[in-house]
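All chains are named by letter (A, B, ...) in the order of the sequence lines, taking the proteins before the strands, and each is independently numbered beginning at 1. Note that the coordinates shown come from a computational prediction; the quantities given were computed from them, not determined experimentally.
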Amino acid sequence: MNKNYNHVKAEEEIYKLWEKYGLFSPEGSFSYRKKAGLNTREETFCVLMPPPNANAPLHCGHVTYTIQDLVARVKRMRGYKTLYLPGTDHAGFETQVVYERKLKKGGKSRLDFDKDTLFTEILNFVEENSDLAIDQLKKLGMSADWSRTVFMLEDKVVETVYDTFEKMHEDGLIYRDNYMVNYSTFHGTTFSNLETTHKETISPLYYVKYKVKGEEDHVTVATVRPETIYADVAIAVNPNDSRYDNLIGKKVINPLNGGELPIIEDGFVDAEFGTGALKITPGHDFNDYKIGERHELPVLTVIGLDGKMTEAAKEVEGMYPKPARRKVVEILERAGALEKTDENYEHGLLVDYKDGRPIEPLPLPNWFIKMEGLTQKAIKSIENGEIDFYLPRWKREILRWLKEIQDWPVSRQIVFGIEMPIWYPIKKIPNLRVTFIDNKGISHEGKIGELLEEYSIDAIKAGIQRVIAPLGAPYVVSRKSPGRDFIRETDTFDTWFSSGQWPLTTLGFPDNEDFLEYFPTDFMDTMWDILFFWIARMIIMSLYLTDEVPFKNVYIHGAITDEKGRKMSKSKGNVIDPMDLVYKYGADALRMGLLVGGNTLAKNTALSENKVRGYRNFANKIWNMARFMEMYREEESLIYQSIEDIDLDKEDREILEELNNLIRSVNNELEKYRISDAGEAIYQFMWHTVADQYIEEIKERKDKERALSVLYYVYTECLKLLHPFMPFVTEKIWQEIAGKDAPPLIISDWPSEISLDG
RNA sequence: GGGUGGUUAACUCAGUUGGUCAGAGUACCUCGCUUACAUCGAGGAAGCCGUAGGUUCGAGUCCUACACCACCCACCA
């Protein structure tokens with residue numbers, strides 16, 4: 001053995017060894033254990049890997065995957081038939097955004113391609129880099145069964161997703177509705193509520209005067225969006241606001257287009273805010289939409305899907321809302337309709353989570369899933385304790401969300417995703433709006449009935465970019481084209497619709513052997529940020545399809561921050577590449593830095609190079625403990641006795657007793673997922689008890705053979721306990737000292753206490 | 001507006017039913033290159049456990065209020 005442990009060489013060598021013996025597959029490790037006479041039990045244990053993006057390198061957050069790996073390794077050593085099932089995600093929207101940025105550099109945009117071409121190009125892009133994440137996960141030591149790797153867009157996943165959609169459709173859970181959606185004109189797609197956020201912004205608040213019809217009087221309304229005045233349909237005041245009593249039932253004149261707007265009463269209006277009068281614009285505001293519904297007001301829009309003001313916005317047609325706003329303000333000012341402007345009004349601007357670009361609330365036909373019945377089941381299961389969340393607060397959080405949940409808009413207007421199995425009969429829908437690229441590369445948009453006069457149906461379908469069917473249009477649910485006169489819905493499924501079925505699709509619901517054997521799974525770990533997005537959806541979907549929860553334990557870990565507890569971000573320049581640390585200090589050290597150096601259950605966990613370096617030193621320490629034993633073994637030709645045969649003296653008994661205590665407390669802590677406590681205990685015992693005390697004593701002892709036999713026993717039991725934390729160095733040492741015939745450490749029996757009676 | 005988490009040594013954090021609970025790692029200081037390891041060893045300094053009250057024989061630990069930090073949900077134009 002070398003004086004220093006070489007993690008770079010050893011980690012590569014050891015990972016190959018595990019792969020060579022096929023020990024990551026449950027069958028492989030199970031049969032090896034059986035053959036070697038190790039403990040086996042008939043129970044299975046399954047951990048699903050949250051699929052990382054197929055095409056992106058890992059970031060520090062992915063180091064938390066070592067939590068799953070640790071849990072899987074412990075169970076494997078305990079004799080469970082253990083499956084750690086990996087996969088990768090297409091990350092539809094995320095990937096498309098990355099690809100679009102790439103296109104932009106080449107002077108192009110998504111709008112230059114028909115949808116099938118764009119999809120293929122993005123898929124190729126993903127495939128070029130698809131092994132990146134997997135290779136890096138291997139470097140971290142993940143003991144996942146890569147032969148079972150599932151990619152989110154592969155056929156069996158897509159087929160299951162379609163099965164589910166068809167079932168939901170038959171069950172009447174799918175509907176299409178004109179609904180206020182979070183539309184990003186920049187990205188060209190809608191977002192769910194979870195994918196939007198409010199950004200503190202300072203914008204001018206304009207006080208606009210609306211003249212009362214037939215009177216000299218006027219009503220003043222405060223708004224940050226005067227450009228939408230064209231789409232106003234009413235003015236609302238609070239019923240208890242006596243200031244406006246005399247105006248109820250009267251009408252005001254729209255200062256921009258001269259239209260007549262009724263003055264209505266609605267309890268939503270806050271009399272304290274602004275002037276107490278609110279302009280109602282159902283086409284461009286969520287609350288106004290609801291108020292409009294209550295009062296049966298029309299829905300007008302003046303902003304198109306392209307983000308530009310429409311024809312209805314007369315003077316500012318074709319402009320983007322911001323410049324349009326400036327121009328409208330000028331117009332209002334000139335007309336004397338602008339009372340005043342509060343330049344420093346602070347408010348929350350609705351933006352998308354990805355780029356922080358403004359969200360335009362727009363009424364748009366979308367596909368929805370009725371959630372009420374689905375969530376009831378989930379709420380019940382969680383309340384019954386069928387899933388252990390470990391920390392009560394996550395259970396509370398998920399229940400709160402489930403109880404407030406609204407219907408789920410599952411259609412996205414992006415190309416890179418699973419296409420919806422929906423087809424429209426074009427003959428029956430002449431006003432179906434279609435955008436397509438002709439063979440000269442020119443884009444056309446219009447009603448299908450009119451386009452067909454000029455272009456053939458096949459030409460249109462070949463260049464299709466987007467289809468928007470009017471509300472109530474007939475459609476057919478089908479995976480394949482029902483005929484030449486049908487055109488496919490261009491919307492794709494929300495990524496979370498497919499990943500929400502991950503436990504089912506990966507295992508092969510409904511009848512695959514793996515599904516029958518491993519579902520429901522046992523352990524799920526993610527960060528709290530996708531508790532609603534993913535965990536909740538998986539629970540809902542599993543209960544819907546199988547009546548069972550998808551997993552029994554949910555471990556929610558915190559965000560990985562830099563050493564000062566700050567979020568890692570490119571702009572702050574504090575991003576750590578986990579692979580750098582793996583290279584510098586070893587995957588074991590990195591794993592320990594996270595699992596033991598911090599508390600992964602906290603909201604945040606700080607990761608620092610210092611910590612990792614400390615655990616690299618620990619790896620070297622235990623390496624040298626082995627060297628110490630090997631040195632004596634060789635020099636004095638010792639043959640270790642098995643622990644049962646040793647006539648123990650007092651010091652031996654003491655150390656063995658302490659080992660028993662360690663095993664007990666490690667089991668205890670792991671049982672409660674107190675991972676860092678378990679790791680800390682092993683660390684302390686090996687370094688400060690075994691090395692600093694027991695080994696130092698041995699140097700003085702005369703009965704070296706006996707003492708070293710005890711030491712060997714204690715030390716190797718510690719290696720086993722430590723293995724799930726630091727799989728590489730422990731296995732490497734084991735390979736050096738245990739002899740060629742010993743089964744690899746990864747599948748050796750988990751330590752149990754020994755009897756010290758008599 | 002509603003809610004959650006946090007505030008313990010210079011830094012990152014433990015401290016699980018109130019009574020060796022004032023701890024660990026890193027950093028720091030002193031000494032030591034002693035044939036397992038200097039990626040080491042021996043030793044050391046270091047904290048009014050956020051603030052103010054309260055319960056108790058006894059409180060980082062329970063209660064109340066407050067302050068500050070971080071985050072989540074909702075969004076009043």
Roughly how far apart, to the nearest Å, are B:rC33 and B:rC40 at atom C1'?
10 Å

Test side-chain contact (heavy atoms from CB on, under 4.5 Å) applied to A:A271 - qualifying residues, sequence neighbours left out:
A:N238, A:D241, A:R243

When you measure from the side-chain N and O atoms of [X] to the phosphate of [N], is any distance below 4.0 Å, counting only OP1 and OP2?
{"X": "A:N4", "N": "B:rU39", "result": "no"}
{"X": "A:R396", "N": "B:rG5", "result": "yes"}
{"X": "A:K621", "N": "B:rG41", "result": "yes"}
{"X": "A:N610", "N": "B:rU12", "result": "no"}
{"X": "A:R674", "N": "B:rG15", "result": "yes"}
{"X": "A:H688", "N": "B:rG25", "result": "yes"}
{"X": "A:W528", "N": "B:rU4", "result": "no"}

So what does A:A277 hit on the nucleic acid, given a heavy-atom distance under 4.0 Å: a base, only sugar-phosphate, or nothing?
nothing

Tell me which nucleotide, if any, is Watson-Crick or G-U wobble paired with B:rU4 when both distances must be under 3.5 Å.
B:rA70

Considering Watson-Crick and G-U wobble pairs with both distances under 3.5 Å, what does B:rA36 pair with?
none

Check every atom of B:rA14, B:rU39, B:rA36 against the side chain of A:N624 and return the nucleotide holding the closest atom.
B:rA36

Residue pairs meeting salt bridge (Lys or Arg N to Asp or Glu O under 4.0 Å), one or both in residues 672-684 of chain A, sequence neighbours left out, come to A:E669-A:R674, A:R674-A:D677

Six-ring centre of A:F389, A:K395 cation under 6.0 angstrom, axis tolerance 45°
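Judged by the rule, A:K395 and A:F389 form no cation-pi pair.
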
Cation-pi check, A:R537 to A:W408: give yes when NZ or CZ is under 6.0 Å from the six-membered ring centre and within 45° of the ring axis, no otherwise.
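Yes, cation above the ring, under 6.0 Å and within 45°.
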
